[in-house]
Amino acid sequence: MEFSSSQKLCLHLISSAYQRCRLSEQICRLSVILTRSSSSSPSLRISISDTGIGSSLEEFQNLRVSFTNAADNWDGMLSIKTTSINDSEIHNYQINLKESGSSRITSLTSDSKNGAKFSGSEVCLSSFVNSDLLLAEIHSLLEKVLILNIPNVAIQLVSEDFDVPESRYEKVFLANTCKQLPISASSLELLKFGLGDYVLKHGNNLSIKCNSCFTSWEDLKVGVACCTENRLHTELVMEAVIVISNMSIQNTTCFREYGDKTEVLYFKDFSPCAMSQSSMKALKSIDWKRYGLHLGGIVELDGTALLEWENLPTDTHIDIVLHSYLKQMVIPTPRKMSQLERSIVKRAVKLSLDDLKANHSGDFLSSRALQIRNYAPDLAQSIAGLILSSSDLDFQRECFSLLGLQSQDVGTEIMENSIKEKIVSVIETNDKDPDKSKEIAPFLFEEDDHIHEPDVEFQESDFTYLDPDLDMF
């Protein structure tokens with residue numbers, strides 16, 4: 001569906017108001033109100049107000065809106081009220097987005113604050129857009145904004161047609177409270193628990209957690225990563241969170257918008273946005289098989305990346321969120337920024353997968369490790385047979401001791417299982433990123449306190465330094 005310029009602008013203005021609230025040190029309110037006053041005036045009045053830090057005229061001065069869409073039926077006029085905490089007045093402006101340059105902004109008479117200390121903005125426009133379609137888009141945007149889990153912003157959404165009293169719709173969106181996080185929590189921590197809450201509600205298609213599929217937050221497997229890229233006089237931060245969920249029961253009545261596909265939610269500078277082509281390419285270039293996953297393909301749907309899996313069990317679902325923002329506001333050219341994003345997206349996703357693998361090694365073995373593990377039962381059976389058939393009692397006692405078994409009367413099955421567990425443990429321990437793992441592979445039959453590091457001194461010249469973005473196989 002193609003949106004009109006006023007619809008796109010409305011979503012942009014909501015994101016801008018959210019940023020003003022986020023940057024405030026106070027508890028803030030953001031209100032989005034859609035009203036149609038009478039059938040004689042079919043235009044929809046859209047009001048977006050916030051109690052944030054106050055808007056900047058530059059964001060409107062540089063705003064570019066296309067009016068070539070056939071669905072556009074709008075004069076391009078905005079009315080703005082804004083004030084900062086230290087202002088003595090409320091500034092009023094009218095902006096014609098069909099104009100260009102400084103002529104688009106008209107300054108109107110200001111209102112006195114009478115000594116009051118507050119800040120905030122209100123942006124209003126009128127358009128002939130379909131109120132139901134716009135309400136659905138705004139609702140979807142605000143649900144995604146909640147993933148950021150910013151604690152100081154409450155959002156109110158109201159839609160009303162005064163000619164139809166029963167048409168009033170109102171909802172309040174608050175930061176997720178699934179976990180009590182400290183005030184000092186990082187944006188990555190907030191993002192982690194925000195995505196967790198989003199997953200438990202099947203992508204917030206449900207207003208409450210679905211208890212038929214999940215019993216608690218602890219059922220989720222979570223991998224997180226945050227990395228920084230310093231290039232081109234730019235400090236770009238990329239946060240990545242991956243959540244793997246397994247339904248406790250098969251429940252075909254539970255609805256997911258994209259079925260078994262993985263929607264990659266993308267945020268830029270704390271606002272939902274479409275994924276760039278460079279980020280799409282980064283996702284394709286990841287060696288998913290290293291983590292036991294087989295990517296079938298990536299479908300692009302209106303700027304949304306949907307990952308299709310070939311080997312994912314029907315009761316398993318993967319959710320991914322990426323968030324990038326600039327710490328140092330020196331914006332490179334689009335081409336160089338594209339290269340920067342591709343590199344950091346790939347690195348952040350790989351690091352979050354590594355985090356998942358470290359915490360749940362048995363669930364995210366590489367394809368090669370899975371093949372090797374299939375031989376563990378046969379190998380364990382052969383080793384157990386050699387031990388039990390030996391006539392050397394000292395050898396048998398030593399083997400039983402190393403396996404943690406107390407008596408030679410233990411049956412064959414118990415011994416085989418014990419050996420198999422040790423083999424699998426070694427496979428899982430050593431199934432790591434080869435350019436990161438510098439540990440010595442543990443011995444199958446050796447107690448921890450018997451293992452000694454080799455007494456070897458390495459010189460710097462003994463090492464080969466590799467580009468971390470290069471795949472090792």
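Since we're looking at a predicted model, the values are computed, not measured.
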Audit row: Y198, L200, side chain to side chain contact (heavy atoms under 4.5 Å, CB included) steps and yes/no:
CA-CA 6 Å; Y198 185 85; L200 293 176; over 6 Å; no
Go through K350 and D354 one step at a time and tell me if the salt bridge (charged side-chain N to carboxylate O under 4.0 Å, His left out) criterion holds.
CA-CA 6 Å; K350 286 175 66 176; D354 288 340; over 6 Å; no
Show, in sequence, the C-alpha distance, side-chain angles and deciding distance for S31 and R29, and conclude whether the side-chain hydrogen bond (donor to acceptor under 3.5 Å, both in side chains) test is met.
CA-CA 6 Å; S31 295; R29 185 204 75 246; 2.9 Å; yes
List the steps and the verdict of salt bridge (charged side-chain N to carboxylate O under 4.0 Å, His left out) for D161 and R168.
CA-CA 7 Å; D161 186 336; R168 180 177 173 83; over 6 Å; no
So E341 and K268, salt bridge (charged side-chain N to carboxylate O under 4.0 Å, His left out) or not? Walk me through it.
CA-CA 11 Å; E341 282 187 355; K268 189 172 184 178; 3.5 Å; yes
Set out, in order, the CA-CA distance, both residues' side-chain angles and the distance that settles salt bridge (charged side-chain N to carboxylate O under 4.0 Å, His left out) for E229 and R347, then state yes or no.
CA-CA 10 Å; E229 195 79 53; R347 190 149 55 94; 2.8 Å; yes
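Counting only distance, with no hydrogens or angles, the side chain of N311 and the backbone of H294 share a donor-acceptor pair below 3.5 Å. A distance-only check finds a donor-acceptor pair linking the side chain of S16 to the backbone of H12 [under 3.5 Å]. Judged by distance alone, the side chain of D355 and the main-chain N or O of V224 form a donor-acceptor pair under 3.5 Å. S84 places no side-chain N or O within donor-acceptor distance of the main-chain N or O of N86, the cut-off being under 3.5 Å. Under a 3.5 Å cut-off, the side chain of R104 and the backbone N or O of F60 do form a donor-acceptor pair. Remark: the backbone N or O of S186 is paired with a side-chain donor or acceptor of E189 at under 3.5 angstrom. Between the S167 side chain and the V164 main chain, a donor and an acceptor come within less than 3.5 Å of each other. Without hydrogens or angle criteria, N152 side chain to Q26 main chain gives a donor-acceptor distance under 3.5 Å. A distance-only check finds no donor-acceptor pair linking the side chain of S279 to the backbone of M275 [under 3.5 Å]. The backbone N or O of A282 sits less than 3.5 Å from a side-chain atom of S285, completing a donor-acceptor pair.
In this structure, the side chains of T82 and N92 stay at 4.5 Å or more apart for every pair of heavy atoms. Taking the side chain as every heavy atom from C-beta outward, M280 and I298 approach each other to under 4.5 Å. For the pair L146 and E143, the minimum side-chain heavy-atom distance is below 4.5 Å. K261 has its side chain out of reach of H317: every pair of non-hydrogen atoms, C-beta onward, lies at least 4.5 Å apart. Taking 4.5 Å as the limit, every side-chain heavy atom of L306 sits out of range of all side-chain heavy atoms of T262. Looking at I242 and L353, their side chains come closer than 4.5 Å, going by heavy atoms from C-beta outward. Counting heavy atoms from C-beta outward, I147 and V321 have side chains that approach closer than 4.5 Å. V158 is not listed as a side-chain neighbour of L34, based on a closest heavy-atom distance of 4.5 Å or more.
No side-chain donor-acceptor contact under 3.5 Å links T304 and E263. Q156 and E170 share a donor-acceptor pair across their side chains, judged by distance under 3.5 Å alone. Residues K113 and T83 have side chains that bring a donor and an acceptor to within less than 3.5 angstrom of each other. Between Q19 and S271, the side chains place a donor N or O and an acceptor N or O closer than 3.5 Å (distance only, hydrogens not considered). No hydrogens or angles considered: nothing links the side chains of S24 and R22 as a donor-acceptor pair under 3.5 Å. In the model, S56 has a side-chain atom that pairs as donor or acceptor with a side-chain atom of E58 under 3.5 Å.
With rounding to the nearest 0.5 Å, the separation of CG in D75 from CZ in F128 is 8.5 Å. Note that the NZ atom of K171 and the CG atom of L157 stand 9.0 Å from one another [nearest 0.5 Å]. Distance check: E137 CD to D132 CG gives 12.5 Å after rounding to the nearest 0.5 Å. For the atom pair CG of L322 and CG of L265, the computed distance is 8.5 Å after rounding to the nearest 0.5 Å. Note that CG of L13 is 14.0 Å distant from NZ of K8, once rounded to the nearest 0.5 Å. For the atom pair CD1 (I80) and CD1 (I105), the distance works out to 7.0 Å, reported to the nearest 0.5 Å.
Residues S245 and L220 share a closest heavy-atom pair of CB-CD2, 3.6 Å. Of all heavy-atom pairs between L190 and L148, the closest is CB-O, 3.6 Å. Of all heavy-atom pairs spanning L188 and C226, the tightest one is CD2-CB, 3.7 Å. Pairing each heavy atom of N149 with each of G194, the nearest pair is ND2-N, 3.7 Å. Contact between A175 and I150 at its shortest, heavy atoms only, is CB-O, 3.3 Å. Nearest heavy-atom pair, S112 versus N114, reported as atom, atom and distance to 0.1 Å: OG-N, 3.1 Å.
Between H139 and F173, the distance separating the two ring centers is shorter than 6.0 angstrom. Between F270 and Y325, the distance separating the two ring centers is shorter than 6.0 angstrom.
Exactly one of S47, S49, S79 qualifies for a side chain to side chain donor-acceptor pair (under 3.5 Å) with E122. That residue is S47.
Residue-environment remark: NZ (K221) exceeds the threshold of 12 foreign heavy atoms within 6.0 Å. Few gaps surround CD on E59; more than 12 heavy atoms of other groups in view lie less than 6.0 Å from it.
With salt bridges taken as basic N to acidic carboxylate O contacts below 4.0 Å, one links D111 and K81.
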